[in-house]
2 protein chains.
Amino acid sequence: MNIGDVAEASGLPPKTIRYYEEIGLIRPQRSGNGYRVFSEADAHKLIFLVRARSLGFSVEECRTLLSLYEDDTRASADVRTLAAAALERIEAKMRELQQMQGALSDLVHRCHGDDRPDCPILEDLAAPRA
Amino acid sequence: MNIGDVAEASGLPPKTIRYYEEIGLIRPQRSGNGYRVFSEADAHKLIFLVRARSLGFSVEECRTLLSLYEDDTRASADVRTLAAAALERIEAKMRELQQMQGALSDLVHRCHGDDRPDCPILEDLAAPRA
DNA sequence: GATAGGGGTTCCAGTTACTGGAAGGTCAAG
DNA sequence: CTTGACCTTCCAGTAACTGGAACCCCTATC
């Protein structure tokens, strides 16, 4: 498979696949003309990566997950620890966004949004309460 | 006020304040020895920026908000449009995180997390359902 | 007067995870 | 033989800072 094929198969842009090779997540072969040649295992790894990224794992965590995946003497506890950390991060971010969302949607609803200058949003930004 | 003083007053690290000057969000004076000298208005702007950033506005949006704030012929609609866009972004991000959170917390709960290798998290990453 | 400290200054590089673009090689079809 | 769709590498840019090095300034103390 050439890069375009695995790109289609995985849903990743070719650029990203090259980048993943650059940082050592995958190591495709090369054919005589210099083109990357991807095995089924490479394609499989890329799909693994897409899925892990979509669950919120960082690229470095994905690297660890891949090595755990390939190590059949792994302890599932190690995987779970990584996943729990990712989950915690996600939940922290959600709490932060919820704060923002609450404050901002209140302001948006209180602003009439017409051609007059007075605006509760700017007033709040200029004089936030402690 | 020196940079340390406004840093304390605003809660921003000095580095960030210098960065905000570099990108033209603030323009503090300079004293003879080359130190930045911040007016009350500068401190006020920095606090405005902190608050706007904490509501999820990008730095570029903050620039616009500041200029709207300083323009008394502004239309509140322009402010509201910016805020509504920020709100939309936040809500989109929350939906995305909610997806992740749901999938990931399910996996974490299904993984026993001991010293054995079998792990539903890795299994799911390796063979995601379509 | 020398020195120690706690300010301040600039500039350069690094972070995360890609993405865009330029310049150019390869290959199959017409 | 050229066209077009691939592929290659390399360089630069994104967002919003952050860390660190090398150096200046000011005050207080020995």
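Letters go in sequence order (proteins before strands), and every chain restarts at 1. These figures come from a predicted structure and were not determined experimentally.
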Passing candidate, salt bridge (Lys or Arg N to Asp or Glu O under 4.0 Å) with A/E21, options A/K45, A/R36, A/R27: A/R36
Please set out all donor-acceptor pairs under 3.5 angstrom arising from side-chain atoms of residues 8-15 of chain B, sequence neighbours excluded.
from  : atom 1 : to    : atom 2 : distance (Å)
B/S10 : OG     : B/V6  : O      : 2.7
B/S10 : OG     : B/A7  : O      : 3.4
B/S10 : OG     : B/L12 : N      : 3.1

A/F38 vs A/I3 side-chain heavy atoms within contact, under 4.5 Å: yes
Exercise: do A/T81 and A/D78 side chains pair donor with acceptor under 3.5 Å: no
Non-neighbouring partners of B/Y20 that pass ring-ring contact (aromatic ring centres under 6.0 Å, His included), sequence neighbours left out: none
A/L46 CG - C/dA17 C1' separation (whole Å): 15 Å
Under 4.0 Å protein heavy-atom contacts per nucleotide of nucleotides 4-16 of chain D, with B for base, S for backbone only and - for none: --BSBBB-----B
B/S76 versus A/D118, side-chain donor and acceptor atoms under 3.5 Å: no
Spacing of B/M94 atom CE and A/K93 atom NZ [to the nearest 0.5 Å]: 12.0 Å
Sidechain N-carboxylate O distance under 4.0 Å for B/R95, B/E88: yes
Side chain to side chain contact (heavy atoms under 4.5 Å, CB included) against B/D115, all qualifying residues, sequence neighbours excluded: A/A75
Degree of bending in the helix from C/dG1-D/dC30 to C/dG30-D/dC1 once both end axes are built from five pairs, to 10°: 40°
Residues touching DNA chain C, which here means a heavy atom under 4.0 Å, drawn from residues 62-69 of chain B: none
Whether A/N2 side chain and A/G4 backbone form a donor-acceptor pair below 3.5 Å: no
